[in-house]
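Since the structure comes first, as structure tokens, the remarks are kept for the end.
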Amino acid sequence: MSGHILPPSFYDREVVTVARELLGMRLVHKLDGARLSGIITEAEAYRGEEDLACHARHGRTSRTAIMYGPPGHAYIYFTYGMHWMLNCVTGPEGFPAAVLVRAIQPVEGLEMIAKRRPGVESDQWCNGPAKLCQALGLDKKQNGADLCNETGGLWIEQGTAISDSQVITGPRVGISNVPEPWRSIPWRFRVVW
DNA sequence: TTTACGATCTAT
DNA sequence: TAGATCGTAAAT
């Protein structure tokens, strides 16, 4: 049983638009035959080589090549010596842009998620980009996975629509060493319940 | 090859 | 408020 998987055309748009519309969608990771999933509640847009907060600011490298590829793929990278982050590559192909998925609200596979986040309260399981990767079991193995079908074990399904009145926008997080206007541009989208 | 530094989280 | 801990990319 699965919902409607978002098609490539969903991702083949402006990265800021995709970041906003990803709110309310359902992120699914198939692990050991089980569905681990959650509703996306927070996302940020990273857009092009000019965006000095974007990893592609230094041009195309082996690490960032995925962001230059076709939309609808996962860009998962490692940072701070211990954390994985999940991004969704957006279009058009050849232009480096991606949406960082910063938080989800767990829906399926809660027992498995609980085991992955020992000693942590349920409302803290996935309320951070590295936390949700740990909770869902995402790491280098899913880097480059096609999000538009189930073969990669990772995809995003149609969810519930989130109205503008439920969305807060603001500057992106964790980029305090980045110069303006990138540091303050409101490319962060968050759902308030 | 070496160094510096992260799109973070957790414990102190 | 600092420590964990290592891949990446710039500097040497």
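First the proteins, then the strands, lettered A, B, ... as listed; each starts at 1.
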Indicate, with a heavy-atom threshold strictly under 4.0 Å, whether [X] touches base, sugar-phosphate, or nothing.
| X | answer |
| --- | --- |
| A/R188 | nothing |
| A/M82 | base |
| A/N177 | sugar-phosphate |
| A/L100 | base |
| A/R172 | nothing |
| A/A130 | sugar-phosphate |

Treating [X] as the side-chain partner and [Y] as the backbone partner, does any N or O pair qualify as donor plus acceptor under 3.5 Å?
| X | Y | result |
| --- | --- | --- |
| A/E44 | A/V173 | yes |
| A/H83 | A/A130 | no |
| A/H29 | A/L154 | no |
| A/E21 | A/V18 | no |
| A/N149 | A/T151 | yes |

Distance check needed: C/dA4 P versus A/H83 NE2, whole Å only.
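Answer to the nearest Å: 13 Å.
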Please report the distance, rounded to the nearest Å, between CZ in A/R63 and P in C/dC6.
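Between P of C/dC6 and CZ of A/R63: 16 Å.
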Which label fits A/W187 and A/W182: parallel for a plane angle under 30°, tilted from 30 to 60°, or perpendicular past 60°?
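Rings of A/W187 and A/W182: tilted, as their planes differ by 30° to 60°.
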What would the secondary structure line of DNA chain C be in dot-bracket form, counting Watson-Crick and G-U wobble pairs under 3.5 Å, with [ ] for pairs that cross earlier ones and | for pairs with another strand?
||||.||||||.
Taking A/E108 first and then A/R35, would you say they form a salt bridge - that is, a charged N and a carboxylate O separated by under 4.0 Å?
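Yes, this pair counts.
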Between A/R60 and A/E49, is the closest basic N to carboxylate O distance under 4.0 Å?
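No, A/E49 and A/R60 are not salt-bridged.
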Nearest heavy atom decides the nucleotide; on that basis, is A/V120 or A/Y75 closer to the 5' end of DNA chain B?
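Result: A/Y75.
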Between which nucleotides of DNA chain B, 5' to 3', does chain A make heavy-atom contacts below 4.0 Å?
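The footprint of chain A covers B/dG6 to B/dT10.
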Please walk me through it: do A/M67 and A/V15 pass side chain to side chain contact (heavy atoms under 4.5 Å, CB included)?
CA-CA 11 Å; A/M67 278 202 280; A/V15 63; over 6 Å; no
Every protein N/O lying under 3.5 Å from an N/O of nucleotides 10-12 of chain C:
{"from": "C/dA10", "atom 1": "OP1", "to": "A/H58", "atom 2": "ND1", "distance (Å)": "3.4"}

Can you work out whether A/K140 or A/G81 has the more 5'-proximal nearest nucleotide on DNA chain C?
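Final value for this comparison: A/G81.
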pair A/L86-A/L136: side-chain heavy atoms closer than 4.5 Å:
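SC-SC contact between A/L86 and A/L136 ruled out.
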Neighbour count >12 (heavy atoms, 6.0 Å) for atom CD, A/E180:
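Above 12, so yes.
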